[in-house]
Amino acid sequence: MSDAPILQIKEVKKDFSGLEVLTGVNFEVGPNERFAVIGPNGAGKTTLLKILAFLTRPDQGRVEYSGKAVGPAQDLTALRRQVTLVAQDAYLFNTSVERNLTYGLNLRGLNPAERGARVERALSTVGLNGFAQRKARELSSGESQRVALARAL
């Protein structure tokens with residue numbers, strides 16, 4: 001496995017209506033590394049995460065994903081399918097946990113057996129074995145967050 005960074009951020013800047021939210025952000029993330037984004041309210045954490053999930057473009061700077069620069073005019077749809085942002089407040093559909101997890105898989109045309117295997121694997125990964133038929137809106141906030149993580153997986 002290569003030790004090359006999966007994600008590189010170089011001199012990223014972002015502002016909104018003249019208010020500079022991010023200034024000269026630099027870092028890289030390698031394979032199997034984890035990182036935390038911390039700071040006070042209004043520090044630009046959510047803006048940075050949206051840039052990393054390809055939901056927002058920086059005003060300046062360079063973003064590289066898997067060794068390739070993400071260009072300012074590039075269609076980001078394919079990249080968005082490779083990266084998932086799980087928001088702090090999980091939104092779950094008013095249906096079963098399983099249906100919440102299979103929504104995106106159905107859109108991608110996966111067959112029922114593959115969908116079932118992925119749901120089982122994702123729920124196991126987040127410690128929610130046996131939750132597939134539970135009603136998503138009846139879960140605790142911690143369980144809801146874990147379902148959102150399972151859906152991202």
Side-chain angles (χ1 to χ4, degrees), residues 1-10 12 14 16 21-22 25-58 61-71 74-153:
M1 180 185 286
S2 171
D3 289 337
I6 294 171
L7 185 65
Q8 288 185 294
I9 305 300
K10 300 176 182 178
V12 164
K14 183 70 179 174
F16 294 100
V21 178
L22 299 174
V25 177
N26 294 283
F27 67 92
E28 62 183 43
V29 180
N32 299 314
E33 287 186 334
R34 293 177 179 91
F35 71 99
V37 179
I38 60 173
N41 290 345
K45 300 179 300 290
T46 299
T47 299
L48 176 61
L49 292 173
K50 286 181 177 181
I51 289 170
L52 299 179
F54 308 112
L55 300 172
T56 299
R57 294 181 189 270
R62 184 174 173 97
V63 176
E64 293 182 14
Y65 180 68
S66 293
K68 297 178 184 163
V70 178
Q74 182 176 353
D75 179 10
L76 300 178
T77 303
L79 291 174
R80 288 179 184 141
R81 289 185 176 152
Q82 297 177 45
V83 176
T84 302
L85 175 62
V86 178
Q88 180 176 342
D89 296 319
Y91 177 83
L92 300 178
F93 301 118
N94 190 16
T95 186
S96 70
V97 167
E98 179 179 37
R99 286 187 177 218
N100 271 274
L101 269 59
T102 58
Y103 180 79
L105 302 175
N106 290 335
L107 293 176
R108 287 179 172 76
L110 268 69
N111 68 55
E114 178 65 18
R115 287 193 309 256
R118 287 191 183 198
V119 166
E120 192 174 308
R121 189 168 51 244
L123 288 175
S124 177
T125 299
V126 300
L128 293 178
N129 292 338
F131 274 62
Q133 299 311 313
R134 299 256 319 256
K135 294 180 181 177
R137 296 274 173 96
E138 295 178 0
L139 301 174
S140 72
S141 59
E143 290 166 341
S144 295
Q145 191 66 30
R146 288 192 283 160
V147 169
L149 288 171
R151 183 171 55 198
L153 293 170

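In what follows, residues are counted from 1 in the order of the sequence shown.
Residues A87 and Q145 share a closest heavy-atom pair of O-NE2, 3.2 Å. Across all non-hydrogen atoms, the minimal contact from P58 to V12 is CB-CG1, 3.7 Å. Annotation for S144 and A90: closest pair O-CB, 3.7 Å, computed over non-hydrogen atoms. When all heavy atoms of L22 and G44 are compared, the pair lying nearest together is CD2-O, 3.6 Å. Summarising the geometry of L92 relative to A148, their closest heavy-atom pair is CD2-N, 4.4 Å, with the distance given to 0.1 Å. Nearest heavy-atom pair across P31 and I6 is CA-CD1, 3.6 Å.
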Give the C-alpha distance, both sets of side-chain angles, the deciding distance and a yes or no for side-chain contact (heavy atoms from CB on, under 4.5 Å) between V83 and L52. CA-CA 8 Å; V83 176; L52 299 179; 5.9 Å; no

Verdict with supporting geometry, L153 and V126, side-chain contact (heavy atoms from CB on, under 4.5 Å): CA-CA 10 Å; L153 293 170; V126 300; 4.2 Å; yes

For the pair L139 and L128, evaluate side-chain contact (heavy atoms from CB on, under 4.5 Å) and give the outcome as yes or no after the intermediate values. CA-CA 11 Å; L139 301 174; L128 293 178; 5.8 Å; no

Apply side-chain contact (heavy atoms from CB on, under 4.5 Å) to Q82 and Y65, showing your working. CA-CA 10 Å; Q82 297 177 45; Y65 180 68; 3.2 Å; yes

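Residue-environment remark: CD1 (I38) stays at or below the threshold of 12 foreign heavy atoms within 6.0 Å. Other residues, nucleotides and ligands place more than 12 heavy atoms under 6.0 Å from the CZ atom of F27. A 6.0 Å sphere centred on NZ of K45 holds more than 12 heavy atoms belonging to other residues, nucleotides or ligands.
One distance of note links CD of E143 with CD of E138; it measures 11.0 Å at 0.5 Å rounding. One finds the OG atom of S96 at 12.0 Å from the CZ atom of R134 (value rounded to the nearest 0.5 Å). The distance from the NZ atom of K68 to the CD atom of Q8 is 14.0 Å, given to the nearest 0.5 Å. To the nearest 0.5 Å, atom CG of residue N94 and atom CG of residue N100 are 9.0 Å apart. Between the OG1 atom in T56 and the CG atom in L49 there is a gap of 10.5 Å [rounded to 0.5 Å]. Considering CG of N106 and CZ of R99, their distance stands at 9.0 Å, rounded to 0.5 Å.
Considering only heavy atoms from C-beta on, V86 stays 4.5 Å or farther from R151 through its side chain. The shortest side-chain heavy-atom distance between R57 and L76 falls under the 4.5 Å cut-off. Contact annotation: the side chain of V147 approaches that of L101 to within less than 4.5 Å [non-hydrogen atoms, C-beta and beyond].
Each of V70, V25, V63 was checked for a side-chain contact (heavy atoms from CB on, under 4.5 Å) with I51, and the lone residue meeting it is V63.
Cation-pi geometry between K14 and F16 is met: the NZ or CZ atom falls under 6.0 Å from the ring centre, inside 45° of the normal.
When the salt bridge (Lys or Arg N to Asp or Glu O under 4.0 Å) test is applied to K10, the partners found at least two apart in sequence or on another chain are E64.
Among pairs with a residue in residues 83-92, those fulfilling side-chain hydrogen bond (donor to acceptor under 3.5 Å, both in side chains) read Y91-R137, at least two apart in sequence or across chains. Evaluation of the salt bridge (charged side-chain N to carboxylate O under 4.0 Å, His left out) test over residues 116-128, restricted to residues two or more places apart or in two chains, returns E114-R118.
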